[in-house]
Every structure is written in structure tokens, then in C-alpha cells.
Amino acid sequence: PGGTAGAGLVFILGLPRSGTSLVEQILAAHPGVVAGGELPTLGELAQAAAGGQAPDAAGLAELGRRYLAALPAAPGPVVVTDKMPLNFRYHALIDAALPGARVVHCRRDLRDVAVSCFATDFIDPALAFATRLDWLGQYIRLYEDVMAAWPARGRLKLDYERLVNDPEPQVRRLLEFAGLPWDDACLDPAGNERRVDTLSRWQVRRPVYRDAGGGWRRSEDALAPLLAALAERDGSQP
């Protein structure tokens, strides 16, 4: 697909607890960025479209216009972010209705993601899969399948472990991908005082820290249902 609808828009997505809040906070430190946070708009439009016939080209264009009209007001030519993690479920809709948008795919060790999700008391019923380790493993396998099927066009994979262990090269990649010039403030996301309404609001107030990886090993014996569910997928990368 081609077109420019969605140009200047950056989706930040992946599994919950994979670093999406940190990535948005880094971008939000840039003066050329308006951070939208976790916007429900795309999911709401997708669910409404699912209730009828599959939209044709005109319907997709209208869906894209409705999404863009709901974005936060942004003065001048700036980048706007949407960091709803589960937007990965709508990859075909993003490509078809907003072909000019860029997508940052946040990746983290899946075992650490699972442990962090399981330990988090999510309110959103869409995250009910996080209440059982076997469900988490199955959901992660589905996520891996979806992301493997998504064409790489307009997409940047950002590894959480690389980002926290050696921030500057990854931040430079991120800004270049978003079409933004370098700004030193992006290396100090904790200094950004914007309001954060997600469960990661306390973490993003801390300097980037390197002790966030490998925590799953402290609970390895208790993770048998999760590891078994992940292992059911041949070639799965835990």
C-alpha cells in the first residue's frame, strides 16, 4: 500500500511491559513531539468496522481520517505518538488506512515481559490473559505470529535490553526513524515532566536503569506453565 495518510504519526506498540512507555517518554522529551499516550481510538474504529462488511478503499480512507481527527491537537509540523501496546492486533488496518504512519515495535525478553505482566494488576479487561501463566504463554505465541506476518515497511524494532544498556545509539536510531533531529533531552526521559497515566508512570520518572533484564530467572521454577506454553511454538524466541 502507498499514500501519505498518517505521515508524522508514530505508533509505539508491542506486548504490555515491553518498554512502550519508556520509548514514548524518550520521544516526548523532544520539542518536535506531542505524546498521545495510550489512545483507544484505533481499537474502537476497528471494532466498529468489524461489525459490518470489510471496508473498501473509500471506507479505509474515511477510517484513517476519523482516526487522525481524534488525535491530540498539535501546533505546526510535529510528530504525534500513539503508544497503545495492543495496537499490534490492527497491523493490517494501520497499513491500509494510515500508510504514512511509522511503527516502533518494542521488544523485550518474553519471559521478563510475562513475569512483569503477571505481577501487574491490570484494570483493562483486554489484558485478562495476564492473570494466568499459561494464558500469557499462549497470548505471547499469538503476538509472535502476528508480528512475524507484518511487513517490515515503515517499522523499527527496538530492543528494550539494548535501549537500557546502551541508550544513545538506540535513541539516535529512534529519532532518525521518526524523522527528528538529535536532541540531548531525549537521553534524559526521567527529566520530562509530562503527565504519564499508565502503570509505568513511576518507572519513567527514574533514570534509565540496567537491572530490568533477566528478572524471570528469580522465579524460574514457578514459571513452568508459561515456559511450557512458549515451548509449544516451534522456534519460539523466549
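For the numbers below, each heavy atom of this structure counts, side chains included, while hydrogens, waters and symmetry mates do not.
- Atoms CG and CG, on Asp82 and Leu98 in that order, are 10.0 Å from each other to the nearest 0.5 Å.
- Closest heavy-atom contact between Thr20 and Gly14: CG2-N, 4.3 Å.
- Atom CZ in Arg89 sits 11.5 Å away from atom CG in Leu142 (nearest 0.5 Å).
- Applying the ring pair (Phe, Tyr, Trp, His ring centres under 6.0 Å) rule to Phe118 yields no partners; only residues at least two apart in sequence or on another chain are considered.
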Hey, mind stepping through Leu27 and Val79 against side-chain contact (heavy atoms from CB on, under 4.5 Å) and telling me if it holds? CA-CA 9 Å; Leu27 285 174; Val79 168; 5.7 Å; no
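- In this structure Glu168 satisfies the salt bridge (Lys or Arg N to Asp or Glu O under 4.0 Å) test together with Arg172, sequence neighbours excluded.
- Summarising the geometry of Pro16 relative to Leu86, their closest heavy-atom pair is CD-CD2, 3.9 Å, with the distance given to 0.1 Å.
- Note that the CD1 atom of Ile140 and the CG atom of Asp145 stand 12.0 Å from one another [nearest 0.5 Å].
- For Glu62, the salt bridge (Lys or Arg N to Asp or Glu O under 4.0 Å) criterion is met by Arg65, not counting sequence neighbours.
- Taking the side chain as every heavy atom from C-beta outward, Ile12 and Asn87 never approach each other to under 4.5 Å.
- Atom CD of Glu38 sits about 5.0 Å away from atom CE of Met84, to the nearest 0.5 Å.
- Partners of Trp150 under the ring pair (Phe, Tyr, Trp, His ring centres under 6.0 Å) rule, at least two apart in sequence or in another chain, are His91.
- In this structure the side chain of Leu15 never reaches within 4.5 angstrom of the side chain of Cys117, judged on heavy atoms.
- Interatomic distance, CG of Asp109 versus OG of Ser18, reported as 12.0 Å (0.5 Å rounding).
- Two residues are said to be in side-chain contact when any heavy atoms from C-beta on lie closer than 4.5 Å; Thr120 and Arg17 meet this criterion.
- Taking all atoms of both residues into account, the shortest heavy-atom contact from Asp95 to Pro151 is OD2-CD, 4.1 Å.
- Applying the side-chain contact (heavy atoms from CB on, under 4.5 Å) test to Pro55 and every residue at least two apart in sequence or in another chain returns Leu60.
- Between Val23 and Leu163, the closest side-chain pair of non-hydrogen atoms falls below 4.5 Å.
- With hydrogens and angles disregarded, no donor-acceptor distance shorter than 3.5 Å links the side chain of Arg108 to the backbone of Gly19.
- Considering every non-hydrogen atom in both Cys186 and Ala29, the closest pair reads CA-CB, 4.0 Å.
- Heavy-atom minimum distance, Gly36 versus Leu39: O-CD2, 3.1 Å.
- The two residues Pro85 and Leu13 make their nearest non-hydrogen contact at O-CB, 3.3 Å.
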Evaluate the side-chain contact (heavy atoms from CB on, under 4.5 Å) criterion for residues Val103 and Val10: first the C-alpha distance (whole Å), next the side-chain angles of each, then the deciding distance (0.1 Å), finally the verdict. CA-CA 6 Å; Val103 175; Val10 176; over 6 Å; no
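- Using modelled atom types, one finds a donor on one side chain and an acceptor on the other under 3.5 Å when comparing Gln170 with Arg173.
- Judged as a side-chain hydrogen bond (donor to acceptor under 3.5 Å, both in side chains), and not counting sequence neighbours, the contacts of Thr81 are Glu24.
- Annotation: side-chain hydrogen bond (donor to acceptor under 3.5 Å, both in side chains) contacts of Thr41 (sequence neighbours excluded): none.
- Between Leu158 and Tyr160, the closest side-chain pair of non-hydrogen atoms is not below 4.5 Å.
- The structure places CG of Asp121 at 7.0 Å from CD1 of Ile123, a figure rounded to the nearest 0.5 Å.
- Side chains of Met147 and Arg155 form a contact here, defined as non-hydrogen atoms less than 4.5 Å apart.
- Contacts of Asp184 classified as side-chain hydrogen bond (donor to acceptor under 3.5 Å, both in side chains), with partners at least two apart in sequence or in another chain: Trp182.
- Residues satisfying the salt bridge (Lys or Arg N to Asp or Glu O under 4.0 Å) criterion with Arg162, sequence neighbours excluded, are Asp159.
- Residue pairs meeting the ring pair (Phe, Tyr, Trp, His ring centres under 6.0 Å) criterion with at least one member in residues 6-26, sequence neighbours excluded: Phe11-Tyr67.
- Take Tyr139 and apply the side-chain hydrogen bond (donor to acceptor under 3.5 Å, both in side chains) test, not counting sequence neighbours, and it matches no residue.
- Residues Val80 and Tyr90 fall within the same hydrophobic cluster, defined by Ile, Leu, Val, Met, Phe, Trp and Tyr side chains chained together at heavy-atom separations under 4.5 Å.
- For Asp124, the salt bridge (Lys or Arg N to Asp or Glu O under 4.0 Å) test picks out no residue, with sequence neighbours left out.
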